[in-house]
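This one's a predicted model, so the numbers in the text were calculated from it and none came from an experiment.
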Amino acid sequence: MDNAKYVTLDGIRTRYFEAGSGDALVLIHGGKYGTFYSACHWSLNFHELSKHFHVYAFDKLGMGDTDNPKSDADYTMAAVIEHTRAFVRTLGLTNVTLAGHSRGALPAARLAVDHPELVKALIIFDSNTLPAEDASLPYDFYTKLEVGAPAVPDREFILREPIANSYSHDHITEDFVQEMLRIGRLPRTLEARKKMERFLDEVFLPSMREKKYETLKLIQAGGLKAPTLIIWGINDQSSPMKLGIDLLHVISSVVDRTEFHAFNHAGHYVFREQARHVNRL
């Protein structure tokens, strides 16, 4: 993805990419503070989608080439949601389709609930952040990947998550790896990783759960008006498809135009592993 742009959102310098024309489509990547996700995770979708939409993909707060939170107290999901809201507001976007993957799904859904006048449609890709937690499913997937993590992430460590989280590895292209390596070595990423060693259990996860259940209650109360498309990889290890089915039941009970599409031979990176089919859908 080329020609990065920057905008300052409430004092946070934020990288984004923009292409195409027509109705706005905002792509919100996954990951949490200190991980290696960025807007470039949409590289296999961005250009094709820009033939049909005015596409925006931005680096979330404290990720990619976007500044870290201003204070320790802001290492929260609430801050991620507000940063996403500021992006849409500052760029003056209306009639927006919001597409959120993994930990990008909760900000997308929350904006759709809070601003039905702005959001035309909602798309959710494999997420265990928006659906209610299920005690029958393991939640130590990411914890195991951090065992023995080097102080400065190297190529082997960078590849742990996409390899473990994918059914096939064809989508793990060299440009994808190099961008993650670059991000992983940035001082702000190293700082965020150290912060999350302290704040993950004390600050971030409680904030995420609070916003999850708050948002689900608003959806169940009829707050979500936008037609919703849920897309899942059947072979997802970190966000098993049962979570997607549970979310389907919640949203379809209040939004008539709700669809669920599952792709075989795809994991958490369904939008990359099945890029051609996902783009068409």
Side-chain angles (χ1 to χ4, degrees), residues 27-32 35 37 41-42 44-45 49 77 97-110 112-113 121-145 159-172 176 205 208-209 211-220 224 226-281:
L27 305 174
I28 308 172
H29 65 80
K32 65 179 186 295
T35 56
Y37 279 69
H41 273 50
W42 299 104
L44 300 183
N45 316 98
L49 293 175
M77 178 56 74
T97 295
L98 296 174
H101 170 240
S102 193
R103 285 190 170 123
L106 180 50
R110 187 53 185 258
V113 168
L122 174 65
I123 305 171
I124 295 167
F125 293 93
D126 302 55
S127 174
N128 64 19
T129 306
L130 180 58
E133 295 178 13
D134 188 320
S136 70
L137 301 176
Y139 282 91
D140 60 351
F141 179 87
Y142 293 103
T143 303
K144 289 179 178 178
L145 292 177
L159 286 172
R160 281 187 191 179
E161 188 269 339
I163 287 175
N165 239 346
S166 303
Y167 177 84
S168 65
H169 302 151
D170 292 345
H171 76 92
I172 306 176
F176 177 72
L205 290 179
M208 188 176 74
R209 291 188 179 105
K211 288 302 177 183
K212 174 206 295 276
Y213 289 107
E214 189 178 273
T215 303
L216 285 174
K217 286 181 180 179
L218 290 170
I219 291 173
Q220 290 168 328
L224 180 60
T228 300
L229 172 62
I230 303 171
I231 302 174
W232 224 269
I234 289 176
N235 312 102
D236 194 334
Q237 298 296 308
S238 65
S239 301
M241 198 170 68
K242 184 180 186 304
L243 293 174
I245 298 297
D246 290 346
L247 186 63
L248 169 65
H249 289 307
V250 171
I251 293 178
S252 64
S253 69
V254 292
V255 178
D256 289 340
R257 292 183 60 194
T258 302
E259 293 186 13
F260 184 94
H261 290 256
F263 285 89
N264 198 17
H265 297 168
H268 199 59
Y269 285 87
V270 60
F271 60 100
R272 291 184 63 88
E273 293 187 76
Q274 299 286 346
R276 182 169 60 88
H277 300 297
V278 167
N279 291 341
R280 185 170 65 238
L281 178 60

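Between Tyr37 and Glu161, the side chains place a donor N or O and an acceptor N or O closer than 3.5 Å (distance only, hydrogens not considered). Side chain to side chain, Tyr139 and Asp134 fail the donor-acceptor criterion of an N or O pair below 3.5 Å. Looking only at atom types and distance, the side chain of Asn165 has a donor-acceptor partner in the side chain of Ser238 under 3.5 Å away. The closest side-chain donor-acceptor pair between Asp236 and His268 falls under 3.5 angstrom. No side-chain donor from either of Ser127 and His101 sits under 3.5 Å from a side-chain acceptor of the other.
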Item to check | Stepwise side chain to side chain contact (heavy atoms under 4.5 Å, CB included) test for Phe263 and Ile234 | outcome: CA-CA 6 Å; Phe263 285 89; Ile234 289 176; 6.0 Å; no

Item to check | Verdict with supporting geometry, His29 and Arg103, side chain to side chain contact (heavy atoms under 4.5 Å, CB included) | outcome: CA-CA 7 Å; His29 65 80; Arg103 285 190 170 123; over 6 Å; no

Item to check | Derivation of the side chain to side chain contact (heavy atoms under 4.5 Å, CB included) call for Val278 and Phe125 | outcome: CA-CA 10 Å; Val278 167; Phe125 293 93; 3.7 Å; yes

Next on the checklist: Applying side chain to side chain contact (heavy atoms under 4.5 Å, CB included) to Ile219 and Val113, what does each step give before you reach the verdict?
Outcome noted: CA-CA 7 Å; Ile219 291 173; Val113 168; 3.8 Å; yes

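Note that OG1 of Thr258 is 9.5 Å distant from CG of Leu229, once rounded to the nearest 0.5 Å. Rounding to the nearest 0.5 Å gives a distance of 4.0 Å between OH of Tyr213 and CD of Glu133. Here CD of Gln274 is found 10.0 Å from CZ of Arg280. Values are rounded to the nearest 0.5 Å. Separation of atoms CG (Asn279) and CG (Leu49) is listed at 4.5 Å; rounding is to 0.5 Å. Distance check, rounded to the nearest 0.5 Å: CE of Met241 to CG of Leu248 gives 10.5 Å. Atom CG in Leu137 sits 5.0 Å away from atom CG in Leu243 (nearest 0.5 Å).
Glu214 has no carboxylate O lying under 4.0 Å from a charged side-chain N of Lys217, or vice versa, which leaves the two without a salt bridge.
Between Leu216 and Pro131, the shortest heavy-atom contact is CD1-C, 4.1 Å. Between Val255 and Ala226, the closest heavy-atom pair is CG1-O, 3.4 Å. Between Glu273 and Ser166 the shortest heavy-atom distance is OE2-CA, 3.5 Å. In plain terms, the two heavy atoms of Tyr142 and Ser102 that are nearest each other are OH-OG, 4.5 Å. Smallest separation of non-hydrogen atoms from Thr129 and Met77: CG2-CE, 4.0 Å. The nearest pair of heavy atoms linking His171 to Leu44 is CB-CD1, 4.1 Å.
Classified by interplanar angle (parallel below 30°, tilted 30° to 60°, perpendicular above 60°), the ring pair Trp42/Phe271 is tilted.
Contact check for Phe176 versus Pro162: side-chain heavy atoms found under the 4.5 Å cut-off. Here the side chains of Ile123 and Leu98 are not in contact, with every heavy-atom distance at 4.5 Å or above. Inter-residue side-chain proximity for Val270 and Tyr167 is flagged as unmet; no heavy-atom pair is nearer than 4.5 Å. Residues Thr215 and Leu106 meet the side-chain proximity criterion, which asks for heavy atoms closer than 4.5 Å. Side-chain atoms of Gln220 and Val254, non-hydrogen and from C-beta on, never get closer than 4.5 Å to each other.
With a 6.0 Å radius and a threshold of 12 heavy atoms from other residues, nucleotides or ligands, Asp140 has its CG atom above the threshold.
Checked against the 6.0 Å centroid criterion, the rings of His261 and His277 do not qualify as a close aromatic pair.
At distances below 3.5 Å, at least one donor-acceptor pair connects side-chain atoms of His169 with backbone N or O atoms of Ile163. In terms of modelled atom types and a separation under 3.5 Å, the side chain of Asn235 and the main chain of Ala266 share a donor-acceptor contact. Without hydrogens or angle criteria, Trp232 side chain to Gly267 main chain gives no donor-acceptor distance under 3.5 Å.
With Leu247 as the partner, the side chain to side chain contact (heavy atoms under 4.5 Å, CB included) test is satisfied by one option alone out of Thr228, Leu130, Asn128: Leu130.
Residues passing the salt bridge (charged side-chain N to carboxylate O under 4.0 Å, His left out) test with Glu259, sequence neighbours excluded: none. The side chain to side chain contact (heavy atoms under 4.5 Å, CB included) check on Ser253 picks up nothing, with sequence neighbours excluded.
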